[in-house]
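The structure appears right after this line, and notes come after that.
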Number of protein chains: 2
Amino acid sequence: MGEIMSLTDRQRRILESIIKDYVSTAEPVGSRAVVKKHGLKISAATVRNEMADLEEMGYLEQPHTSAGRIPSEKGFRFYVDFMMENETPSDEQMVQLHQALEDRMEDWSDVVQRVGQFLSQVTNYASFIIVPTVKLSQFHSLQIIPMQEDQAIVLVVTDIGIILHRRITIPLSMHPEELKLIGDLFNRALRGKNLHEIKSGDLMALRDEIKTRRKVIDEALEAIDTLLDPQEDRVVITGALNIIKEPEFKDLDKLRRVLTIFEEDDQIKDIVPDHIGEEVAIRIGQENKLEDIKEMSLVFAGYKTTGEMGKMGVIGPVRMEYWKAAGTVESVGLIIDEILERRGLK
Amino acid sequence: MGEIMSLTDRQRRILESIIKDYVSTAEPVGSRAVVKKHGLKISAATVRNEMADLEEMGYLEQPHTSAGRIPSEKGFRFYVDFMMENETPSDEQMVQLHQALEDRMEDWSDVVQRVGQFLSQVTNYASFIIVPTVKLSQFHSLQIIPMQEDQAIVLVVTDIGIILHRRITIPLSMHPEELKLIGDLFNRALRGKNLHEIKSGDLMALRDEIKTRRKVIDEALEAIDTLLDPQEDRVVITGALNIIKEPEFKDLDKLRRVLTIFEEDDQIKDIVPDHIGEEVAIRIGQENKLEDIKEMSLVFAGYKTTGEMGKMGVIGPVRMEYWKAAGTVESVGLIIDEILERRGLK
DNA sequence: TTTAGCACTCGAGACGGGAGAGTGCTAACA
DNA sequence: TGTTAGCACTCTCCCGTCTCGAGTGCTAAA
């Protein structure tokens with residue numbers, strides 16, 4: 001890591017200039033362009049020398065002899081680690097997001113949807129949000145609501161207000177009062193238990209304990225059982241089509257390869273590292289483990305909900321506006337925390 | 001409509017041959033190809049004459065002088081109307097779908113997801129399903145479930161077992177029994193009412209009628225009110241990326257234009273005609289009203305749920321396997337009916 | 001150490017010619 | 001009269017060649 005010192009101030013400025021230019025134009029940057037755009041008081045020839053040095057050190061690359069230079073992944077990494085300042089969304093954008101969320105606070109999946117849209121619209125890259133299933137919340141109460149004829153609904157409420165429901169069949173003869181009694185039975189037995197504890201043992205115990213009205217109880221038990229089945233984490237992907245704007249994917253095959261990543265939710269789950277913190281992290285190109293996205297970059301962060309860790313971020317080309325992506329992910333992280341806080345889900 | 005008779009049997013066979021060939025290869029079809037593939041016992045020269053006639057009548061087009069012919073939209077229309085036989089999915093495919101749905105029957109949004117996947121996977125085009133909001137179902141019952149401290153959940157159950165919920169704040173002092181009383185009050189007042197009726201008048205009447213415990217009732221009323229807010233129809237799009245396989249979209253700009261249709265759910269709603277029946281309908285290219293999809297074709301059908309009409313279908317290039325698309329949409333329609341029937345939602 | 005000058009390299013795009021596929025037309029044939 | 005073989009014609013696609021220009025690396029002077 002002595003590398004930090006190994007770049008002179010001038011070299012850093014040149015590197016930055018090339019990165020900014022290349023990110024916005026997607027074209028190799030020549031020595032003339034560097035002096036022009038970045039009003040340095042040195043000549044093109046000097047820049048050329050520095051650029052040759054930077055290339056030798058691995059921070060720049062040359063697509064072919066007579067082209068300008070483009071930043072290497074190592075160059076981006078250096079910039080991200082030691083030079084970059086996050087660019088947070090504008091105030092208007094933040095206000096807009098807050099407003100969009102204000103009405104819809106109640107519906108969590110709607111919130112996720114909108115946050116995803118925000119991420120992808122502000123950054124112009126594809127965004128993903130992985131919502132973990134609530135495994136560890138507590139059982140709060142259960143109700144059995146009779147419907148027409150032989151139908152009833154089993155409702156399980158968790159302590160944080162999540163509601164799971166499933167319909168069951170009951171004997172035609174059964175009286176609502178009886179259902180209520182059975183519900184109370186469950187409530188007494190299960191209140192305050194962890195949902196996964198319930199799944200593992202208590203249901204069976206309960207079944208043995210109660211001998212009457214076996215059929216309804218069996219059905220209710222089975223309903224609860226399936227309700228507690230480990231569900232897949234939900235993945236919401238937004239703005240996947242943003243990447244077709246990027247010139248690096250003008251090649252249709254490449255484009256197709258990348259887009260198929262977004263078709264399968266599971267792929268996204270595999271792409272993001274398992275154990276992550278709440279601070280923004282960046283994976284550039286080859287740094288990614290999976291072959292499929294070695295030509296893409298990832299900017300992501302975790303967010304804490306009930307026990308589990310959620311993940312969200314953006315996926316874009318290596319030639320990415322990391323500063324904006326990182327700033328946006330950072331801001332969104334704060335907002336998510338705020339929302340969860342307000343709903344008492346932390 | 002005298003047109004039906006105006007094509008000789010041989011001309012029809014040639015038209016069909018060209019359509020089949022063109023749909024699978026995306027290349028103009030020459031006279032030689034027609035004789036070869038479709039083992040007719042006539043010579044290429046004869047076919048050429050017939051093709052010239054078919055072109056004059058508008059069923060075929062020639063991209064340029066020295067190329068083969070491709071079917072015009074009128075040609076496709078003729079084929080679809082008077083010659084086509086639907087090709088339903090294979091038995092294995094149907095069995096697979098049934099199995100995939102078997103476990104997940106309970107979760108409607110999961111069912112929709114899987115059906116959409118089926119549509120797009122079998123046809124290899126993009127699929128859409130528009131799920132109407134349930135406006136007209138009846139109020140069944142309401143429960144107020146106390147949570148920790150000053151929180152409670154208002155639960156509205158409709159007669160077809162749809163559950164809407166929302167959290168409200170209650171006075172700390174309030175006793176669960178009291179909540180139950182309030183709940184019963186609502187139940188007596190509202191049971192059997194149409195939800196949109198409730199929205200329009202009964203809530204206000206109820207509010208006046210009850211003078212005690214005003215705050216909770218107000219909150220509950222407001223919760224119900226927002227729950228009954230007209231929600232947007234839900235749109236599920238699957239397999240949008242299928243279209244990047246189609247050679248007609250090798251042009252990036254064209255591709256982008258088409259893909260953006262799928263980004264906005266509202267666009268899809270506008271694309272599909274408002275009043276449709278349960279039988280499969282087809283819109284070919286220019287027949288579509290909206291500019292954006294005049295280079296695409298639509299194969300769709302309606303399905304009846306509670307009162308409202310849902311819509312689903314596939315979107316693909318004009319050069320589409322209409323027979324397969326129509327057969328698949330048809331089969332899926334039957335399956336949806338079956339599911340809704342079984343859930344008592346018809 | 002920096003800069004100006006200059007020959008060199010390489011890709012992008014224009015140009016042109018040849019091959020091939022498919023046609024329309026004409027004349028012979030059943 | 002409908003069908004077929006033959007043939008000249010047309011147009012696209014592909015491939016090689018050429019030129020242009022941007023950008024470089026190197027050398028020599030400041």
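B:T260 pairs by the side-chain hydrogen bond (donor to acceptor under 3.5 Å, both in side chains) definition with nothing, not counting sequence neighbours. Every residue was checked against the side-chain contact (heavy atoms from CB on, under 4.5 Å) condition with B:N49, not counting sequence neighbours, and none meets it. Under the side-chain contact (heavy atoms from CB on, under 4.5 Å) criterion, A:D266 pairs with A:E232, A:E264, A:K269, not counting sequence neighbours. Partners of A:D265 by side-chain contact (heavy atoms from CB on, under 4.5 Å), not counting sequence neighbours, listed by chain and number: A:V235, A:I237. Remark: B:R257 pairs with B:E295 by the salt bridge (Lys or Arg N to Asp or Glu O under 4.0 Å) rule, at least two apart or across chains.
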Please list, pair by pair, any protein nitrogen or oxygen found under 3.5 Å from a nitrogen or oxygen in nucleotides 15-18 of chain C.
none

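One interatomic measurement links the two molecules: CZ of A:R48 to C1' of C:dA4, which rounds to 9 Å at whole-angstrom precision. Between the CD atom of B:Q62 and the P atom of C:dG22 there is a distance of 11 Å, rounded to whole Å.
Each salt bridge (Lys or Arg N to Asp or Glu O under 4.0 Å) pair with one or both residues in residues 50-61 of chain A, not counting sequence neighbours, appears once here: A:R10-A:E50, A:E55-A:R69. Within the structure, side chain to side chain donor-acceptor pair (under 3.5 Å) contacts touching residues 17-30 of chain B (residues at least two apart or in different chains) are B:D21-B:K37.
Nearest-nucleotide mapping onto DNA chain D: of B:T65 and B:I42, the residue sitting toward the 5' end is B:I42. Nearer to the 5' terminus of DNA chain C, by closest-nucleotide assignment, is the contact made by A:P63 (compared with the other of A:P63 and B:G68).
Side-chain contact between B:L119 and B:T238 is absent, with no heavy atoms from C-beta onward closer than 4.5 Å. Between B:F128 and B:F300 the shortest side-chain heavy-atom distance falls below 4.5 Å.
You can see that DNA chain D meets the heavy atoms of chain B within a 4.0 Å-exclusive cut from D:dT3 to D:dT12, reading 5' to 3'.
Between C:dT2 and A:T46, no contact under 4.0 Å exists linking OP1 or OP2 to a side-chain N or O.
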Cut-off 3.5 Å, no hydrogens considered: what does the side-chain donor-acceptor table look like for residues 241-251 of chain B, sequence neighbours left out?
| residue | atom | partner | partner atom | Å |
| --- | --- | --- | --- | --- |
| B:N242 | OD1 | B:K245 | NZ | 2.9 |
| B:N242 | ND2 | B:S120 | O | 3.3 |
| B:N242 | ND2 | B:Y125 | O | 3.1 |
| B:N242 | ND2 | B:G239 | O | 3.4 |
| B:K245 | NZ | B:N124 | OD1 | 3.3 |
| B:E246 | OE1 | B:R319 | NH2 | 2.7 |
| B:E248 | OE1 | B:R319 | NE | 3.1 |
| B:E248 | OE2 | B:R319 | NE | 2.9 |
| B:E248 | OE2 | B:R319 | NH2 | 2.6 |
| B:D251 | OD1 | B:D253 | N | 3.4 |

Check: residues 80-91 of chain B side-chain donor-acceptor pairs under 3.5 Å, at least two apart:
| residue | atom | partner | partner atom | Å |
| --- | --- | --- | --- | --- |
| B:D81 | OD1 | B:R77 | NH1 | 3.0 |
| B:N86 | ND2 | B:E330 | OE1 | 3.0 |
| B:S90 | OG | B:Q93 | N | 3.2 |
| B:S90 | OG | B:Q93 | OE1 | 3.3 |

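Nucleic acid contact for B:A45: base, since at least one base atom lies under 4.0 Å from a heavy atom of the residue.
Within residues 20-32 of chain B, no residue has a heavy atom under 4.0 Å from DNA chain D.
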